[in-house]
Amino acid sequence: MRSASISRRTAETDVSVSVALDGTGKAAVATGVGFLDHMLELLARHALFDLEVKVAGDLHVDQHHTTEDAGIALGQAFLKALGEKRGIARYADIHLPMDEALTRVAVDVSGRPFLVFKTRFPTEKIGAFDTELVREWFQAFAMNAGITLHVETLYGDNSHHIAESCFKGLARALRQAVAVDPREDGRVPSTKGTL
């Protein structure tokens, strides 16, 4: 099973993450940020990754460090779990509807981290969660997972639905991109021979 665990401690947060890419979608998430917990739980469920995330962060300051560091650690665990990336599909894209919102997510498990994030939120907060932190999480995850990631919300009116379409879209794209393609016969999907 392709799995990995990461622990990351700074003066701002103490994060532990475990991920199994060939799981069933089980999640045990406790970040202290309710909305982030919800997003990571649905990420696990729709990617079919088994995921454990625990964060003790400086929530007395705000939710920024907890959200960003959870993305960093999950990205690192994802990259470690992939290993040499032999036999994976590598590319995937999806249009993910969530009620009135529609988001397009495209991913290349390339080893070249890059994020294009074209999503606007009509409100500054979802409950107590700052909507600008959605992009911060995606940035942290993409850079540390070593993936090229494009996220664009084509339309939507409800900030919760927009955020959920982004996370679910990522989940479904990652699920396809890390799937083992038997036609690859264990090769790294690149003419360079490495990703």
Side-chain angles (χ1 to χ4, degrees), residues 5-6 8 12-21 23-78 81 94-105 107 115 117 119-142 144-145 147 149 151-176 178:
S5 296
I6 292 287
R8 183 176 191 275
E12 299 164 340
T13 62
D14 186 358
V15 184
S16 62
V17 172
S18 296
V19 64
L21 303 181
T24 61
K26 292 183 295 186
V29 180
T31 67
V33 180
F35 186 75
L36 180 60
D37 289 356
H38 178 45
M39 293 299 103
L40 295 180
E41 288 164 357
L42 64 83
L43 174 72
R45 175 63 185 91
H46 290 280
L48 292 180
F49 295 167
D50 290 343
L51 182 61
E52 293 182 15
V53 179
K54 292 182 182 176
V55 184
D58 57 354
L59 294 177
H60 62 284
V61 175
D62 66 10
Q63 299 175 349
H64 186 109
H65 299 139
T66 294
T67 301
E68 182 178 35
D69 289 5
I72 289 170
L74 182 54
Q76 291 172 346
F78 174 86
I94 190 164
H95 284 79
L96 198 294
M98 177 67 198
D99 294 348
E100 86 299 339
L102 182 67
T103 297
R104 174 175 51 219
V105 178
V107 64
L115 175 67
F117 193 83
T119 294
R120 301 258 185 239
F121 294 94
T123 61
E124 291 183 5
K125 290 193 176 283
I126 303 168
F129 187 81
D130 293 329
T131 51
E132 69 180 10
L133 295 180
V134 174
R135 188 192 191 287
E136 292 301 318
W137 186 91
F138 274 81
Q139 176 78 17
F141 177 78
N144 287 276
I147 62 173
L149 177 59
V151 180
E152 182 177 16
T153 299
L154 304 179
Y155 44 83
D157 299 315
N158 181 289
S159 292
H160 188 128
H161 295 164
I162 291 168
E164 194 160 331
S165 69
C166 293
F167 277 90
K168 284 181 176 175
L170 175 63
R172 286 294 177 145
L174 288 177
R175 178 174 165 178
Q176 294 173 26
V178 303

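Hydrogens, waters and symmetry mates are skipped; everything else that's a heavy atom, side chains included, is used.
Residues forming a ring pair (Phe, Tyr, Trp, His ring centres under 6.0 Å) with Phe121 (at least two apart in sequence, or on another chain): none. Residues satisfying the side chain to side chain contact (heavy atoms under 4.5 Å, CB included) test with Glu68, not counting sequence neighbours, are His64, Ile72, Glu136, Ala140. For the ring pair (Phe, Tyr, Trp, His ring centres under 6.0 Å) test, residues two or more places apart in sequence or in another chain that qualify with Phe78 are Phe141.
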*Take Ser159 and Thr131 through the test side chain to side chain donor-acceptor pair (under 3.5 Å) and record every step on the way to the result.*
CA-CA 8 Å; Ser159 292; Thr131 51; 5.7 Å; no
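Inter-residue side-chain proximity for Leu43 and Leu74 is flagged as met; some heavy-atom pair is nearer than 4.5 Å. The side-chain heavy atoms of His95 and Leu102, taken from C-beta on, include a pair separated by under 4.5 Å.
Nearest approach of Pro122 to Ile162, heavy atoms of both residues: CD-CD1, 3.7 Å. The minimum heavy-atom distance between Gln176 and Ile94, with the atom names listed, is NE2-CD1, 4.3 Å. Taking every heavy atom of both residues into account, Thr66 and Leu36 meet most closely at O-CD2, 4.4 Å.
Applying side-chain contact (heavy atoms from CB on, under 4.5 Å) to Phe167 and the options Val151, Thr103, Val134, Val105 leaves one that passes, Val134.
At distances below 3.5 Å, at least one donor-acceptor pair connects side-chain atoms of Asp50 with backbone N or O atoms of Thr24.
Atoms CE and CG, from Met98 and Leu42 in turn, are 8.5 Å apart once rounded to the nearest 0.5 Å.
No more than 12 heavy atoms of other residues, nucleotides or ligands sit less than 6.0 Å from atom NZ of Lys26.
Aromatic rings from Phe35 and His160 are positioned such that their centres are separated by under 6.0 Å.
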